[in-house]
Amino acid sequence: DDTLINNFISSRLGLPMDETFRNGLPLSMRVDDNNTATGWEVMYDSNATGTVIPQTDNAMIAFDGSRGAMTRLFTRQLDLSGTSEPILDFWYWHDTAATASTMDYTDVRLTFDGGQTFTTLFSVRKNNGTDMGWTQYTYSLDSFVNQSCIILVFEAMRMSLPQFDGEQYIDRIKLTSNQDLSIESMYV
């Protein structure tokens with residue numbers, strides 16, 4: 001028997017996208033654990049640790065690698081061509097407890113070449129010194145409206161010492177844009 005079967009999804013993602021991880025990691029995303037023992041994993045509220053429960057619905061993604069570990073969550077290619085005011089929106093869990101590390105962080109990045117090079121949009125630190133709990137982040141993608149092959153990347157890095165809690169959480173990743181409908185003229 002020399003038959004091979006392979007499932008391959010080649011289509012680009014259009015907007016809107018609203019992912020709450022209710023049904024696990026969707027086909028529109030993939031995890032690259034960068035050769036570390038752990039990567040982004042879906043965590044349901046039934047097995048959440050401590051006081052961290054999902055912000056939306058019943059699931060979130062979590063990363064808890066050893067010191068120096070890094071993981072990336074990639075979307076499939078996004079088609080932003082022809083969109084109006086596209087926006088990235090997601091929730092991130094902050095911990096300002098005395099034992100929380102100030103060094104663990106997640107970079108939100110874009111790649112136009114499948115992951116060879118990256119453009120960092122912004123970084124989010126686990127301990128930002130002011131917030132405790134879920135914080136919503138919104139970022140305008142207006143600079144990329146003419147791009148049809150963008151991959152969005154959430155790259156988490158664990159830098160804290162082993163005795164500190166280094167788990168990072170993200171929930172509800174949304175990509176939206178304004179409707180492209182307008183009234184040009186009105187006849188009475």
Side-chain angles (χ1 to χ4, degrees), residues 13 17-21 24-26 28-45 48-57 59-78 86-97 99-112 114-141 143-144 150-176:
L13 293 175
M17 181 186 97
D18 188 354
E19 185 53 55
T20 62
F21 306 103
L25 194 66
S28 60
M29 296 180 176
R30 71 176 173 84
V31 173
D32 176 2
D33 59 14
N34 201 37
N35 298 320
T36 59
T38 185
W40 286 113
E41 296 178 1
V42 176
M43 181 176 284
Y44 295 92
D45 57 5
T49 59
T51 60
V52 182
I53 58 171
Q55 191 280 329
T56 307
D57 215 338
M60 60 192 162
I61 56 172
F63 168 62
D64 188 20
S66 58
R67 187 172 192 198
M70 186 260 287
T71 185
R72 292 177 177 149
L73 175 72
F74 290 85
T75 65
R76 269 199 341 240
Q77 289 180 338
L78 299 167
I87 293 175
L88 165 65
D89 185 53
F90 68 97
W91 291 84
Y92 183 90
W93 175 265
H94 290 285
D95 187 349
T96 56
T99 59
S101 170
T102 58
M103 300 186 307
D104 296 337
Y105 65 91
T106 294
D107 286 336
V108 180
R109 307 172 107 191
L110 294 178
T111 180
F112 302 97
Q116 300 299 313
T117 59
F118 296 91
T119 300
T120 301
L121 301 177
F122 62 97
S123 293
V124 181
R125 294 213 169 267
K126 179 178 177 182
N127 183 337
N128 66 359
T130 58
D131 299 318
M132 175 68 171
W134 289 106
T135 300
Q136 184 176 16
Y137 287 88
T138 302
Y139 189 86
S140 171
L141 298 174
S143 302
F144 310 102
I150 294 174
I151 297 174
L152 181 64
V153 182
F154 291 86
E155 181 180 279
M157 188 71 173
R158 168 75 188 264
M159 299 300 293
S160 58
L161 296 171
Q163 67 265 30
F164 296 118
D165 176 20
E167 201 155 38
Q168 296 183 62
Y169 303 94
I170 292 177
D171 198 3
R172 195 173 190 185
I173 300 172
K174 289 183 0 179
L175 289 162
T176 58

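Atom set for the values below is all heavy atoms of this structure, side chains included, hydrogens, waters and symmetry mates excluded.
When atom types are taken as modelled, the side chain of T75 and the backbone of L152 share a donor-acceptor pair closer than 3.5 angstrom. In this structure, R158 contributes its side chain and G65 its backbone to a donor-acceptor pair below 3.5 Å. Judged by distance alone, the side chain of D171 and the main-chain N or O of P54 form no donor-acceptor pair under 3.5 Å. For the pair Y44 (side chain) and G24 (backbone), a donor-acceptor distance under 3.5 Å is present.
Tested against L73, the residues I170, V31, D32 include a single side chain to side chain contact (heavy atoms under 4.5 Å, CB included) partner, V31. L88 pairs with exactly one of L78, V108, L110 by the side chain to side chain contact (heavy atoms under 4.5 Å, CB included) rule, that one being V108.
At least one side-chain heavy atom of D95 sits less than 4.5 Å from a side-chain heavy atom of M132. Under the 4.5 Å side-chain criterion, counting only non-hydrogen atoms from C-beta, M60 is not in contact with Q55. The closest side-chain heavy-atom distance from K126 to M159 is not below 4.5 Å. Counting heavy atoms from C-beta on, the side chains of I150 and F112 come closer than 4.5 Å. Side-chain contact between Y169 and I61 is absent, with no heavy-atom pair separated by less than 4.5 Å. In this structure the side chain of T111 reaches within 4.5 angstrom of the side chain of V153, judged on heavy atoms. Put simply, the side chain of M29 reaches to within 4.5 Å of the side chain of I173, judged on heavy atoms. A heavy-atom distance below 4.5 Å is found between the side chains of Y92 and Q168.
For the atom pair CD of E155 and CZ of F74, the computed distance is 8.0 Å after rounding to the nearest 0.5 Å. With values rounded to the nearest 0.5 angstrom, L141 atom CG is found 9.0 Å from T176 atom OG1. How far CE of M157 is from CE of M70: 6.5 Å, rounded to the nearest 0.5 Å. From D107, atom CG reaches atom CZ of F154 across 11.0 Å, with rounding to the nearest 0.5 Å.
Aromatic ring orientation, W40 versus F63: tilted (interplanar angle from 30° to 60°).
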Side chain to side chain contact (heavy atoms under 4.5 Å, CB included) for K174 and Q136? Distances and angles first, verdict last. CA-CA 11 Å; K174 289 183 0 179; Q136 184 176 16; 5.6 Å; no
Between M17 and R76, does a side chain to side chain contact (heavy atoms under 4.5 Å, CB included) hold up when you go through it step by step? CA-CA 11 Å; M17 181 186 97; R76 269 199 341 240; over 6 Å; no
Start with the C-alpha gap between I87 and T138, add the side-chain angles, then the distance that decides, and say whether side chain to side chain contact (heavy atoms under 4.5 Å, CB included) holds. CA-CA 7 Å; I87 293 175; T138 302; 3.3 Å; yes
Check step by step if side chain to side chain contact (heavy atoms under 4.5 Å, CB included) holds for T106 and F90. CA-CA 12 Å; T106 294; F90 68 97; over 6 Å; no
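Annotation: side chain to side chain donor-acceptor pair (under 3.5 Å) contacts of E19 (sequence neighbours excluded): none. For T135, the side chain to side chain contact (heavy atoms under 4.5 Å, CB included) partners two or more places apart in sequence, or in a different chain, are H94, D131, Y137. Applying the side chain to side chain contact (heavy atoms under 4.5 Å, CB included) test to T117 and every residue at least two apart in sequence or in another chain returns D113. Under the side chain to side chain contact (heavy atoms under 4.5 Å, CB included) criterion, S140 pairs with D142, sequence neighbours left out. Taking the side chain to side chain contact (heavy atoms under 4.5 Å, CB included) definition, one finds that S143 meets it with nothing, sequence neighbours left out. The side chain to side chain donor-acceptor pair (under 3.5 Å) test applied to R172 returns D18, not counting sequence neighbours.
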